[in-house]
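Structure record follows, encoded as structure tokens.
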Amino acid sequence: MPELPEVEYTARQLRSALVGATIREVHLFWERTIGYPDVPTFLAEIAGRTIEGIRRRGKYLILDLSGNLFLSIHRRMTGNLLLLPAGWTLDTSLRERDPAVWNTKGPTFRLDSASGLSYSHELNYCRACLVFEDGRCLLYTDLRKFGRFELWEREREAEAFAQLGPEPLNGEFTVEGFASALAKRKGPIKQVLLDQLVVAGVGNIYADEALFYAGIHPLRSAASLNTDEVKALHTGIVTVLTQSIEHGGTSFSDYRDLWGEAGDNYNHVQVYKQDGKPCSRCGSLIERIIVAQRSTHYCPSCQKPTGV
DNA sequence: ATTTAGACCTGTCAGC
DNA sequence: TGCTGACAGGTCTAAA
């Protein structure tokens, strides 16, 4: 679900709300949410830590904790973070009443009416929550249970993110570096853009959007792009990611921000899930194909297979 | 050495 | 109305 812009937007919201807060305890409702280390160690080590800073790396949200640890959160497809004010109550009675339903839906959180917040379906599928000393609660909801939390020593950060390439928005991602990475790849450019080692944080939405921006067909071999095309695609990646952050990310069904609001970038998308609709540039109908088993959307006249 | 299919999970929607 | 299959923002692993 979230790609770089959605994670960045969440990080910014959390930074202003949670830096300085101390974690009292963690409740776990789906144990496999913890990817590293083992569950008992995770729970014992995280309690009592203070959040010193909040960052993003690729699609990972990073909470820097006291004692030189960091918590990394990857939301994969359907993970969301929601911040509850103090005054919530937790109902786990479903666990005994109907274990099968509990296993899928998780617990129920209730807010007193004074909270002013009105969450609805987002409160289902809670897999974990961090409870803070001041009574607030950071809920992690994840319908499909793919998301993972990991707790690492800060000195092992390189190891934790070994599978990530350059950050696209901080100067690490250069045209020269991008060109040499693409030159080694014979496969379709769409697939290569999804490789986090080539550029960190690009997913299915922004790969399609960046290719449309640059006028490049998704099936072109990455190595076949000329210098101008590589430059245009580089600009396209930076542009579509930056613009989406400004719009609060792209929401379809699941993605919500910290306070349960949907992102607005859906209204600015050019090709993603727009098949059958006219291209904003030329009016041709947007098409959908499968590339590397992922849905791929493009304009057949703006993005020619030959690149000519 | 690459590609590709399968796993991990649950829900929704289209078609019959 | 009910069943079946395709598909969903991601990434890892194993088999071809």
Side-chain angles (χ1 to χ4, degrees), chain A residues 1-10 29-36 56-61 72-81 100-106 120-128 140-150 160-165 181-182 184-211 219 221-223 240-241 244-245 247-257 262-266 268-276 288-297:
Chain A
M1 159 201 131
E3 302 181 31
L4 183 151
E6 293 76 36
V7 181
E8 178 63 28
Y9 194 69
T10 302
F29 309 108
W30 179 252
E31 296 216 336
R32 297 182 66 174
T33 301
I34 308 305
Y36 180 85
R56 177 197 56 74
R57 175 81 172 96
K59 300 171 191 171
Y60 290 84
L61 178 72
S72 80
I73 299 176
H74 196 306
R75 297 186 280 165
R76 297 287 178 89
M77 298 289 270
T78 53
N80 267 319
L81 289 163
V101 175
W102 161 271
N103 187 49
T104 304
K105 297 259 186 186
S120 52
H121 82 277
E122 293 90 351
L123 287 182
N124 285 331
Y125 314 113
C126 182
R127 308 307 177 196
Y140 178 68
T141 64
D142 189 352
L143 187 152
R144 293 179 70 182
K145 299 176 173 173
F146 290 164
R148 294 293 180 264
F149 285 24
E150 298 187 353
F161 301 122
Q163 76 281 32
L164 296 185
L182 296 190
K184 294 173 200 145
R185 303 292 218 97
K186 187 174 165 291
I189 183 64
K190 165 66 188 278
Q191 182 176 13
V192 173
L193 288 181
L194 295 177
D195 183 340
Q196 301 300 295
L197 275 168
V198 172
V199 53
V202 173
N204 211 31
I205 297 175
Y206 302 106
D208 283 2
E209 294 297 313
L211 286 168
L219 286 175
S221 162
V240 299
L241 293 176
S244 181
I245 294 169
H247 294 139
T250 304
S251 292
F252 290 98
S253 52
D254 299 316
Y255 170 72
R256 292 292 122 92
D257 74 8
D264 177 56
N265 197 59
Y266 178 75
H268 301 269
V269 147
Q270 299 293 305
V271 289
Y272 186 79
K273 284 198 175 164
Q274 303 304 302
D275 40 310
R288 173 179 175 276
I289 58 174
I290 302 294
V291 180
Q293 294 154 264
R294 306 298 301 276
S295 257
T296 298
H297 314 76

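Here is the naming used below: chain letters follow the sequence lines, and residue numbers restart at 1 for every chain. The model shown is predicted, which means the values in this text are computed figures rather than measured ones.
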Given A:Val271, which partner from the list A:Asp208, A:Thr296, A:Ile205 fulfils the side chain to side chain contact (heavy atoms under 4.5 Å, CB included) test? A:Asp208
Going by purine N1 to pyrimidine N3 plus the second Watson-Crick contact, or the G-U wobble pair, all under 3.5 Å, which nucleotide sits opposite B:dG11? C:dC7
Look at the side chain of [X] and decide which nucleotide, out of [options], has an atom nearest to it.
X: A:Lys186; options: B:dC9, B:dT3, C:dA8; answer: B:dT3
X: A:Glu6; options: B:dA5, C:dG9, C:dA8; answer: C:dG9
X: A:Gln163; options: B:dC9, B:dT4, C:dC12; answer: C:dC12
X: A:Arg288; options: B:dT4, C:dG10, C:dA8; answer: C:dA8
X: A:Phe146; options: C:dC12, C:dG9, B:dC9; answer: B:dC9

5′-ward residue of the pair A:Arg144/A:Leu164 relative to DNA chain C: A:Arg144
Using atom [atom1] of [X] as one end and atom [atom2] of [N] as the other, report the distance to the nearest whole Å.
X: A:Arg148; N: B:dC9; atom1: CZ; atom2: P; answer: 7 Å
X: A:Arg76; N: C:dG10; atom1: CZ; atom2: C1'; answer: 6 Å
X: A:Asp275; N: C:dC7; atom1: CG; atom2: P; answer: 11 Å
X: A:Leu193; N: C:dG9; atom1: CG; atom2: P; answer: 15 Å
X: A:Asn103; N: B:dG11; atom1: CG; atom2: P; answer: 11 Å
X: A:Phe161; N: C:dG10; atom1: CZ; atom2: C1'; answer: 16 Å
X: A:Arg185; N: B:dT3; atom1: CZ; atom2: C1'; answer: 11 Å
X: A:Arg32; N: B:dC9; atom1: CZ; atom2: P; answer: 4 Å

Determine the interatomic distance between [atom1] on [N] and the same-named atom on [M]; round to the nearest Å.
N: B:dA5; M: C:dA6; atom1: P; answer: 14 Å
N: B:dA7; M: C:dG5; atom1: P; answer: 15 Å
N: C:dT4; M: B:dC9; atom1: P; answer: 23 Å

Just by distance, no angles: are the side chains of A:Thr33 and A:Tyr140 close enough, under 3.5 Å, to form a donor-acceptor pair? no
Below the 4.0 Å mark, does [N] have OP1 or OP2 next to a side-chain nitrogen or oxygen of [X]?
X: A:Tyr272; N: C:dG9; value: yes
X: A:Thr104; N: B:dC9; value: no
X: A:Gln196; N: C:dG10; value: no
X: A:Arg294; N: C:dG10; value: yes
X: A:His74; N: C:dG10; value: no
X: A:Tyr125; N: B:dG11; value: yes
X: A:Lys59; N: C:dG9; value: no

Taking the side chain from A:Arg75 and the backbone from A:Pro2, do they hold a donor-acceptor pair closer than 3.5 Å? no
Test your reading of the model: is there a side-chain donor-acceptor pair from A:Arg32 to the backbone of A:Gly147, 3.5 Å cut-off? no
A:Ser221 versus A:Lys186, closest heavy-atom pair with distance: OG-O, 2.8 Å
To the closest 0.5 Å, what do you measure between SG (A:Cys126) and CG (A:Leu143)? 12.5 Å
